[in-house]
Participant: 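I have a structure I would like to understand better, so I am pasting it below and will then ask my questions one at a time.
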Amino acid sequence: MAMTTALQTPSQRHAHDAARFTELVESASAGDWARPSPVAGWTALDVVAHLVEWPRGFLTGAGIELPPLDVEADPAAAWRQHVADIQAVLDDPAGRVLSNPHTGDRPVDEAIDQFYSGDVWLHSWDLARALGREVDMGQERCAAALAAMQPIEQLLRDSGQYGPAVPVDDDASPQDRLMAFIGRDPAWGCGDGMARAAG
């Protein structure tokens with residue numbers, strides 16, 4: 001699903017991306033959480049844990065203390081609570097400013113939008129593939145994200161957040177080219193019988 005022009009605020013964008021990720025989380029069975037993901041060394045559970053844990057620590061820079069959640073005990077329940085917590089901050093940022101030595105000072109809703117919501121969007125691909133599904137991330141959005149990343153490729157590589165780019169064919173889709181750029185093999189997990197997630 002493409003990001004529609006109606007999704008103009010950080011609150012709206014997070015709600016959109018979190019809903020897609022929630023659908024994937026709730027589709028998983030108890031036995032699915034140990035499945036490997038496209039992120040080296042991570043399971044499906046690790047993908048969810050990553051998205052729950054780091055932003056809760058990040059928000060302490062805005063004076064927001066969110067209690068830890070036990071993702072391992074109940075991934076779906078932890079994720080739903082986390083989404084609700086983040087959405088509540090975005091729905092009422094209350095003028096709070098997030099201070100971080102790496103990102104500087106910026107309104108908390110803008111900080112979440114810039115550094116976290118996109119992470120949910122990208123990791124939806126990882127979780128979908130870990131669960132043996134496909135996800136349509138929106139070809140126009142993928143092309144725009146790739147165009148924004150390419151000029152700062154070295155900075156992104158040096159951050160350690162992305163692996164080496166994976167070669168793809170010249171006629172690869174924008175989604176495949178984006179995932180390859182950030183170090184994912186677009187063919188990872190593909191096989192007969194892979195279900196398609198709703199886009």
Side-chain angles (χ1 to χ4, degrees), residues 1-25 27 36-40 42 44 46-48 50-51 54-55 58 79 83 86-87 90 102-104 106-107 109-191 194-199:
M1 180 184 296
M3 181 71 76
T4 69
T5 56
L7 302 173
Q8 296 178 348
T9 69
S11 175
Q12 291 169 333
R13 286 189 287 270
H14 174 261
H16 176 272
D17 289 334
R20 181 207 305 272
F21 199 88
T22 298
E23 179 186 341
L24 289 166
V25 168
S27 77
S37 84
V39 184
W42 280 15
D46 292 325
V47 176
V48 179
H50 166 74
L51 289 173
W54 83 257
F58 183 62
W79 174 252
V83 170
I86 298 297
Q87 195 64 47
L90 289 170
H102 302 292
T103 63
R106 62 189 64 213
D109 54 338
E110 292 182 12
I112 293 171
D113 191 43
Q114 181 173 354
F115 299 108
Y116 171 68
S117 294
D119 210 29
V120 175
W121 175 61
L122 286 173
H123 281 300
S124 67
W125 188 90
D126 295 319
L127 183 59
R129 286 299 174 88
L131 298 177
R133 303 179 69 184
E134 291 201 41
V135 62
D136 180 0
M137 298 170 65
Q139 298 302 327
E140 289 185 11
R141 187 177 179 188
C142 288
L146 181 60
M149 289 180 172
Q150 286 173 325
I152 57 170
E153 178 173 3
Q154 194 57 52
L155 179 65
L156 295 174
R157 303 283 178 224
D158 292 345
S159 75
Q161 296 181 55
Y162 303 113
V166 175
V168 291
D169 294 337
D170 292 341
D171 61 352
S173 69
Q175 178 169 309
D176 284 354
R177 285 190 284 116
L178 173 63
M179 300 319 296
F181 179 84
I182 67 172
R184 308 288 199 269
D185 178 357
W188 194 98
C190 287
M194 178 179 280
R196 175 167 292 278

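Keep in mind that what you see is a predicted model, and the values were worked out from it rather than measured.
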Participant: Can you name the nearest heavy-atom pair linking Asp126 to Val47, along with the distance?
Facilitator: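 Smallest heavy-atom distance, with atoms named: CB-CG2, 4.3 Å.
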Participant: To the nearest 0.5 Å, tell me how far Gln139 CD sits from Leu178 CG.
Facilitator: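 Separation between the atoms: 9.5 Å.
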Participant: Would you call the rings of His50 and Trp42 parallel, tilted or perpendicular, where under 30° means parallel and over 60° means perpendicular?
Facilitator: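 If you compare the ring of His50 with that of Trp42, the planes turn out tilted.
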Participant: Classify the ring geometry of Phe21 against Trp79: parallel below 30°, tilted from 30° to 60°, perpendicular beyond 60°.
Facilitator: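 Rings of Phe21 and Trp79: tilted, 30 to 60°.
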Participant: Just do the side chain to side chain contact (heavy atoms under 4.5 Å, CB included) check on Val39 and Arg184 with the steps written out, would you?
Facilitator: CA-CA 8 Å; Val39 184; Arg184 308 288 199 269; 3.6 Å; yes
Participant: Kindly say whether Pro107 contributes a backbone atom to a donor-acceptor pair with the side chain of Glu110 at under 3.5 angstrom?
Facilitator: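 A pair under 3.5 Å: no.
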Participant: When you measure from the side chain of Arg177 to the backbone of Ala172, do you find a donor-acceptor pair of N or O atoms at a distance under 3.5 Å?
Facilitator: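 Checked: pair present.
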Participant: Tell me the closest heavy-atom pair linking Ala130 and Pro38, and the distance in Å.
Facilitator: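 Looking at all heavy atoms of both residues, the shortest contact is N-CD, 4.3 Å.
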Participant: Does some side-chain heavy atom of Gln175 sit less than 4.5 Å from a side-chain heavy atom of Glu134?
Facilitator: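 No, side chains not in contact.
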Participant: So is Arg141 actually on top of Trp121's ring, under 6.0 Å and inside 45° of the axis?
Facilitator: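 Checked: cation-pi criterion met.
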Participant: Side chain to side chain contact (heavy atoms under 4.5 Å, CB included) between Phe115 and His102: does it pass, once the steps are laid out?
Facilitator: CA-CA 11 Å; Phe115 299 108; His102 302 292; over 6 Å; no
Participant: Identify the two heavy atoms, one from Leu24 and one from Ser27, that lie closest to each other, and give their separation to 0.1 Å.
Facilitator: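 The answer is O-OG, 2.7 Å.
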Participant: Checking Gln87 side chain against Val83 main chain: does a donor-acceptor pair fall under 3.5 Å?
Facilitator: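 Not at all, since once roles are kept as given, no pair shorter than 3.5 Å links the two residues.
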Participant: Before you tell me yes or no, could you show the steps for Phe181 and Tyr162 under side chain to side chain contact (heavy atoms under 4.5 Å, CB included), namely the whole-Å CA-CA distance, both residues' side-chain angles and the distance that decides it to 0.1 Å?
Facilitator: CA-CA 8 Å; Phe181 179 84; Tyr162 303 113; over 6 Å; no
Participant: Write down the atom of Leu127, the atom of Val25, and the distance for their closest heavy-atom approach.
Facilitator: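 Heavy atoms of Leu127 and Val25 come nearest at CD2-CG2, 3.8 Å.
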Participant: Which atom pair, heavy atoms only, marks the closest approach of Met137 to Cys142?
Facilitator: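 It is CB-SG, 3.8 Å.
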Participant: In Å and rounded to the nearest 0.5 Å, what is the CD to CD distance from Glu153 to Gln150?
Facilitator: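 Taking CD in Glu153 and CD in Gln150, the distance rounds to 7.5 Å.
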Participant: Can you tell me how far CG of Asp113 sits from OH of Tyr116, rounded to the nearest 0.5 angstrom?
Facilitator: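 So the gap between those two atoms works out to 12.0 Å.
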Participant: Ignoring hydrogens and geometry, is there a side-chain-to-backbone donor-acceptor pair from Arg129 to Trp188 under 3.5 Å?
Facilitator: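 Side chain of Arg129 to backbone of Trp188, a donor-acceptor pair under 3.5 Å: yes, one is there.
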Participant: Grab the two heavy atoms, one from Pro10 and one from Asp109, that are nearest each other, plus how far apart they are.
Facilitator: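 In terms of heavy atoms, the two residues are closest at CB-O, 3.7 Å.
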Participant: What is the distance from atom CD1 of Ile112 to atom CG of Leu90, rounded to the nearest 0.5 Å?
Facilitator: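 The distance works out to 4.0 Å.
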Participant: Rounded to the nearest 0.5 Å, how far apart are CG of Asp46 and NE2 of His123?
Facilitator: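 Spacing of CG (Asp46) from NE2 (His123) equals 11.0 Å.
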Participant: To the nearest 0.5 angstrom, please state how far the CZ atom of Phe58 sits from the CG atom of Asp119.
Facilitator: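 Going from CZ on Phe58 over to CG on Asp119, the span is 11.0 Å.
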